[in-house]
Asker: 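The structure that follows is given in the form of structure tokens.
Below, chains carry the letters A, B, ... as their sequence lines are ordered, and counting in each starts from 1. Just so you know, these numbers use all the heavy atoms, side chains as well, and skip hydrogens, waters and symmetry mates.
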Amino acid sequence: MEPYDHKAIESKWQKRWAEASLYKTNASTDKPKQYILDMFPYPSGEGLHVGHPKGYIATDIYSRYKKMNGFEVLHPMGWDAFGLPAENFAIKHKVHPRVAVEKNIANFKNQLALLGFNYDWTREINTTDPAFYKWTQWIFLKLFEKGLAHQSFEPINWCPSCQTGLANEDVNADGTCERCDSTVTKKPMRQWVLKITEYADRMLQDLDSLTEWPEHIKEAQRNWIGKKEGIIVSHPVVDQDFAIETFSAYPAWMYADTYVVLAPEHPLVPKLVQGLETEQEVLQFVSLMASKTMLERTEGKEKLGVFTGCYVEDPYREGARMPVWVANFALMNFGTGAIRCSGHDERDVAFAEKYNIPLRTVVGDGTFVNAHLNEGTLKDSGPFTGKTISPTLIAEMVEWMVKMGIAKRKTSYKIQDWVFSRQRYWGEPIPVIHCKKCGVVPVPEKDLPVLLPDVDHYEPTGTGESPLAAIESWVNVPCPSCGGDAKRETNTMPQWAGSSWYWLRFMDPHNASELVNQNIEKKWGPVDVYVGGDHAVRHLIYARFWHKFLYDINLVSTLEPFTRLEFLGFVLAEDGRKMSKRWGNIINPDDIVHSVGADSMRVYEMFMGPFENTVPWSTNGLVGSRRFIERVLRLRDSVRSEDVAALETILHQTVQKVSEDIEKFKFNTAVSALMIFVNEVEKQKTIGKKQYDTLLILIAPFAPHVTEELWERIGNHFSIHQEMWPIFDPAKATSDKVEIAVQVGGKTKGSIRISRDLEEGEVFIRIKNDQKLSKYVDFKPKKVIYVKNKIINFIP
RNA sequence: GCCCAGGUGGCGGAAUUGGUAGACGCACAGGACUCAAAAUCCUGCGAUCGCAAGGUCAUGAGGGUUCGAUUCCCUCCCUGGGCACCA
């Protein structure tokens, strides 16, 4: 065998493929389409580590497989390059973000090129390209036009280190910034907000239609949307002419409530305490809470509150008055910001005991019963006394409350509107103009894109203004409406803007006049398989939101952007930790390609384990994949012109297994099936030419270079990647002999090789005649259980 | 606390309309080839008792259903992920 010179082979074929434009998508064909997409990368300055290409390898294999099965495949790649990481990198290294991004993209492309991917690079896109972000801005204007983008002045999440406002999705569960881990504070400021909440219900409901999405992703999105159905109850304030509305999700327990709690920022608090002797104390408490982050405010789950001195009427119990408190645990952004509290909630009980507020219970004998259980028989509950809580009863109670005018049905969501402006340089300028006379005026479509101007200082200002505000020549413009003096919006869009619609651009990347040509969208959309990790909530929520909006304005033809989602598991370092500069355990794919070749790396990453599992890198395992390829190379010396009959069955089985496994993204077992076949060929010592061709085609998506080389060496025509995928014959994939287990009383005693589909009596005779097995059946069985081609079990 | 996904050899993992647990690969051990080493090839490799034939135990733990359970049911433990003072 000639030595396996992976470097020569890989560079030779990468060049040939490029010269032949082998991977260019043919847009005008009658073939069925497949749109196979990776979550496009953020071109960071660190470059790729071996974990990054895992998903790209999978989509590469899948799209090669689909092409060989007669599909026209759209498999593009692009760059998500706006946002904080590029900007922070640029500030740190004192280069313009544009320059840094260009350099990083070039580096990423070189690294990807080494792995032999079949991307159609003629469709490459970049979110920071004005030709691209023109349309990102255009979508914003449409959102604005439809009332889904508006300015807000509510306090928002503010990262003091990144010096910008953040969306809820950008804040970790522990209240830190997702990018830099600084503690996020609240800051009141003007910001642009997208009304994603208007789509919350549809995004929740349509999750059920996404049958090819992993359950855990859908569950994460359900949690994030956080829909809760409940009721709103209005409580007239005693001796006042206004009322407080509370939200409750457990209507069966309303008769147990004895007091009401308001969130510190509830707008009625100042009005409620105005002129009362409690005013000072309450307002002090409110401003103390306002100065704290949510995390600090609820630290240690300690319950803090203050009595307003006011009471409200309880519409459930005539004459009953409920004291009104302000407390740290009530949240303004859920329900109405006001709650009824009872003796059936641990938190409410703890608070009441601390401040000596009387409690009531409506279920049980005084020992604590949690309302969340929705179980038990009601007492002291007006017309419902004596009834047992059930879904039917709850529905009945709500209906009665509505009829009596006590309550209204209300749905509350955890998801918040999307804070869409950033006070940073490296993002799409928000295309609006502020005019003293006309107010907010959208930039006319003909003036798009609003180019991001060059600026001397792109560091964040920290003043709540973006660095763009300092460029007077850019900021000052005539109002498009009245022609008077006006100023441009200086906030930019968040990193997630461009990635919220980019899959549409790939379909039609050079179209200057439309966001998407609808004929082309109907041809390619939606994405058939979308592959990536991370972003279970953010990117996938935002993308679904924009896609639904684009559907509503008749630009796309489907309700969902991604039919099937494959979520990948990461590659850990060999030491089991995350690959990170900090640990010094990063493995660079360039080094692996250099030492064992791209093909070995590709095979190994697919063989490591199930695609969705997070698995540590193993250099030993990598060597195993290299050995497999070397064995395939060596097999070439065993090729003869006639097919080997003894290999036919297993070859058909292998074709079947590999096809089914690629289809299901079970690449690890596909590789294993290929190894089993190669083992068998080695046992037979010989393989037919056509059989070897078939084997090479099966391996081609996994190891495209070496199979192309062998394809040529064995005298076939360029290119193996344009061959048709082999079809298996189900009849030939089953052998006529089977090995079945012989059991006595359910315990396996041995096995016997017999003809397929043999009758029970025949099997019994074979076992009787078998030297080893006959001794196990020298009794008269009470019962015999025979499962054809599987087991025979003799019950004594 | 609630929800989701998992728990199988020294390691990654395979097998589920219930039917021989540990495929495939790695690591390890022994052997062949070699002056030697690497590479390659052959053999072994869950635990335990046994010279062997063979037996017993074993898929997080404990119960259950079944001729038969990694697979189905119940209770519990652990790991990873999402949500969480959410009314």
Asker: Please give the distance between the P atoms of B:C28 and B:A14 as a whole number of Å.
Answerer: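 After rounding to an integer number of Å, I get 23 Å for this pair.
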
Asker: What contact category does A:P610 fall into here, base, sugar-phosphate, or nothing, at under 4.0 angstrom with non-hydrogen atoms?
Answerer: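 Contact class for A:P610: sugar-phosphate only.
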
Asker: Determine, stepwise, if the pair A:W253 / A:D345 fulfils side chain to side chain donor-acceptor pair (under 3.5 Å).
Answerer: CA-CA 10 Å; A:W253 307 75; A:D345 182 293; over 6 Å; no

Asker: Nearest-Å distance, NE2 (A:H372) to P (B:C85)?
Answerer: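 One finds 12 Å between P of B:C85 and NE2 of A:H372, rounded.
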
Asker: I'd like the P distance from B:G22 over to B:A15, given in whole Å.
Answerer: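 Result for the P pair: 13 Å, nearest Å.
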
Asker: When the nearest nucleotide of RNA chain B is assigned to A:N620 and to A:F334 on a heavy-atom basis, which residue is associated with the more 5' position?
Answerer: A:N620

Asker: Is the shortest heavy-atom distance from the side chain of A:Y259 to the side chain of A:R340 under 4.5 Å?
Answerer: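 No, every pair of side-chain atoms sits at 4.5 Å or beyond.
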
Asker: Return yes if the base of B:C85 and the side-chain atoms of A:K303 contain a donor-acceptor N/O pair under 3.5 Å, otherwise no.
Answerer: yes

Asker: So, are A:K788 and A:E760 salt-bridged, with charged N and O less than 4.0 Å apart?
Answerer: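 Result for this pair is no, no salt bridge flagged.
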
Asker: For B:G13, does OP1 or OP2 lie under 4.0 Å from any side-chain N or O of A:N613?
Answerer: yes

Asker: Parallel, tilted or perpendicular: which fits the ring planes of A:F351 and A:Y355, with parallel below 30° and perpendicular above 60°?
Answerer: tilted

Asker: If I pick the P atom on B:A32 and the same atom on B:A38, what distance separates them, to the nearest angstrom?
Answerer: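 Between the two P atoms, the distance is 14 Å.
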
Asker: Measure from CD on A:E630 to C1' on B:A39 and round the result to the nearest Å.
Answerer: 9 Å

Asker: Does the side chain of A:K666 get closer than 4.0 angstrom to OP1 or OP2 of B:A15 through an N or O atom?
Answerer: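 For A:K666, the contact criterion (side-chain N or O under 4.0 Å from OP1 or OP2 of B:A15) is met.
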
Asker: Could you say whether A:K775 or A:I795 is positioned toward the 5' end of RNA chain B, judged by the nucleotide with the nearest heavy atom to each?
Answerer: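 Going by which nucleotide is closer to the 5' end, it is A:K775.
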
Asker: Using whole Å, report how far CD of A:E215 lies from P of B:G80.
Answerer: 22 Å

Asker: If you count the non-hydrogen atoms of other residues, nucleotides and ligands that lie under 6.0 Å from CD in A:E154, is the total more than 12?
Answerer: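 No - once you tally the heavy atoms of other residues, nucleotides and ligands closer than 6.0 Å, there are 12 at most.
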
Asker: Quickly work out the A:Q416 CD to B:C83 P distance and round it to whole Å.
Answerer: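 Value for this atom pair: 14 Å.
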
Asker: Say you pick atom P in B:C77 and the same atom in B:C67; how far apart are they, in whole Å?
Answerer: 32 Å

Asker: For A:F667 and B:G13, give me the distance from atom CZ to atom P, rounded to whole Å.
Answerer: 17 Å

Asker: Hey, does A:A673 reach any base, or is it just sugar-phosphate, or nothing, if we go heavy atoms under 4.0 Å?
Answerer: nothing

Asker: Regarding A:V787, tell me which of base, sugar-phosphate or nothing describes its non-hydrogen contacts under 4.0 Å with the strands shown.
Answerer: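 Here A:V787 touches the bases of the nucleic acid.
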
Asker: Considering every strand shown, what is the Watson-Crick or G-U wobble mate of B:U59 when both distances are under 3.5 Å?
Answerer: none

Asker: With heavy atoms under 4.0 Å as the rule, sort A:E682 into base, sugar-phosphate or nothing.
Answerer: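 A:E682: no heavy atom of the nucleic acid under 4.0 Å.
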
Asker: Give A:D345 one of three labels, base, sugar-phosphate or nothing, depending on what nucleic acid heavy atoms sit under 4.0 Å from its own.
Answerer: nothing

Asker: Between A:K749 and B:G55, does any side-chain N or O lie under 4.0 Å from OP1 or OP2?
Answerer: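 Result: yes.
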
Asker: Under the criterion ring pair (Phe, Tyr, Trp, His ring centres under 6.0 Å), which of A:Y776, A:F779, A:F764 is the partner of A:F794?
Answerer: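 That would be A:F764; it is the only one of A:Y776, A:F779, A:F764 passing the ring pair (Phe, Tyr, Trp, His ring centres under 6.0 Å) with A:F794.
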
Asker: At under 4.0 Å between heavy atoms, what does A:Y776 touch on the DNA or RNA strands: base, sugar-phosphate, or nothing?
Answerer: sugar-phosphate

Asker: Is B:C83 paired to anything, Watson-Crick or G-U wobble with both distances less than 3.5 Å, and if yes, which nucleotide?
Answerer: B:G1

Asker: Figure out the CD1/P separation between A:I767 and B:U20, and round it to whole Å.
Answerer: 15 Å

Asker: Rounded to whole angstrom, note down the C1' distance from B:G44 over to B:C26.
Answerer: 16 Å

Asker: For A:S751, report the nucleic acid contact type (base, sugar-phosphate, nothing); a contact means any heavy atom under 4.0 Å.
Answerer: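 Result for A:S751 = base.
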
Asker: So, is A:K414 near the phosphate of B:A84, with a side-chain N or O under 4.0 Å from OP1 or OP2?
Answerer: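 Result: yes.
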
Asker: I'd like the C1' distance from B:A29 over to B:G82, given in whole Å.
Answerer: 46 Å

Asker: Could you check whether A:K303 pairs with A:E353 (Lys NZ or Arg NE/NH1/NH2 to Asp/Glu carboxylate O, under 4.0 Å)?
Answerer: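 Not counted as a salt bridge, because no side-chain N and carboxylate O are separated by less than 4.0 Å.
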
Asker: Just checking A:G335: base, sugar-phosphate only, or nothing, at a heavy-atom cut-off of under 4.0 Å?
Answerer: nothing

Asker: Write down the distance separating the P atoms in B:G6 and B:U16, rounded off to the nearest Å.
Answerer: 14 Å

Asker: Side chains of A:D757 and A:N789: donor-acceptor distance under 3.5 Å anywhere?
Answerer: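 Their side chains do contain a donor-acceptor pair, which is all the 3.5 Å distance test asks for.
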
Asker: Which of these nucleotides, B:C24, B:G12, B:U20, is closest to any side-chain atom of A:I676?
Answerer: B:C24

Asker: Is there a side-chain contact between A:N668 and the phosphate of B:A14, meaning an N or O under 4.0 Å from OP1 or OP2?
Answerer: yes

Asker: Could you tell me whether the phosphate oxygens of B:C26, OP1 or OP2, come under 4.0 Å of any side-chain nitrogen or oxygen in A:R627?
Answerer: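 Answer is yes, contact under 4.0 Å.
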
Asker: Just to confirm, is there a sub-4.0 Å distance from OP1 or OP2 of B:C24 to any side-chain nitrogen or oxygen of A:Y604?
Answerer: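 Checking A:Y604 against B:C24: no side-chain N or O falls below 4.0 Å of OP1 or OP2.
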
Asker: If the plane angle is over 60° it's perpendicular, under 30° parallel, otherwise tilted; pick one for A:W418 and A:Y542.
Answerer: parallel

Asker: Could you tell me whether the phosphate oxygens of B:C86, OP1 or OP2, come under 4.0 Å of any side-chain nitrogen or oxygen in A:K410?
Answerer: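 For A:K410, the contact criterion (side-chain N or O under 4.0 Å from OP1 or OP2 of B:C86) is not met.
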
Asker: Ignoring the backbone of A:E219, work out which of B:U20, B:C3, B:C24 is nearest its side chain.
Answerer: B:C3

Asker: How many Å lie between CD1 on A:I785 and P on B:U20, as a whole number?
Answerer: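 Roughly 14 Å, once rounded to whole Å.
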
Asker: Record whether the side chain of A:N223 comes under 3.5 Å of the base of B:C83 through a donor-acceptor pair of N or O atoms.
Answerer: no

Asker: Taking the P atom of each, how far is B:C33 from B:A37, in whole Å?
Answerer: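 Straight-line distance between the two P atoms is 12 Å.
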
Asker: Counting side-chain heavy atoms from C-beta on, which of B:C3, B:G12, B:A23 comes nearest to A:F607?
Answerer: B:G12

Asker: Taking CG from A:L622 and P from B:C26, how many angstroms apart are they, rounded to a whole number?
Answerer: 11 Å

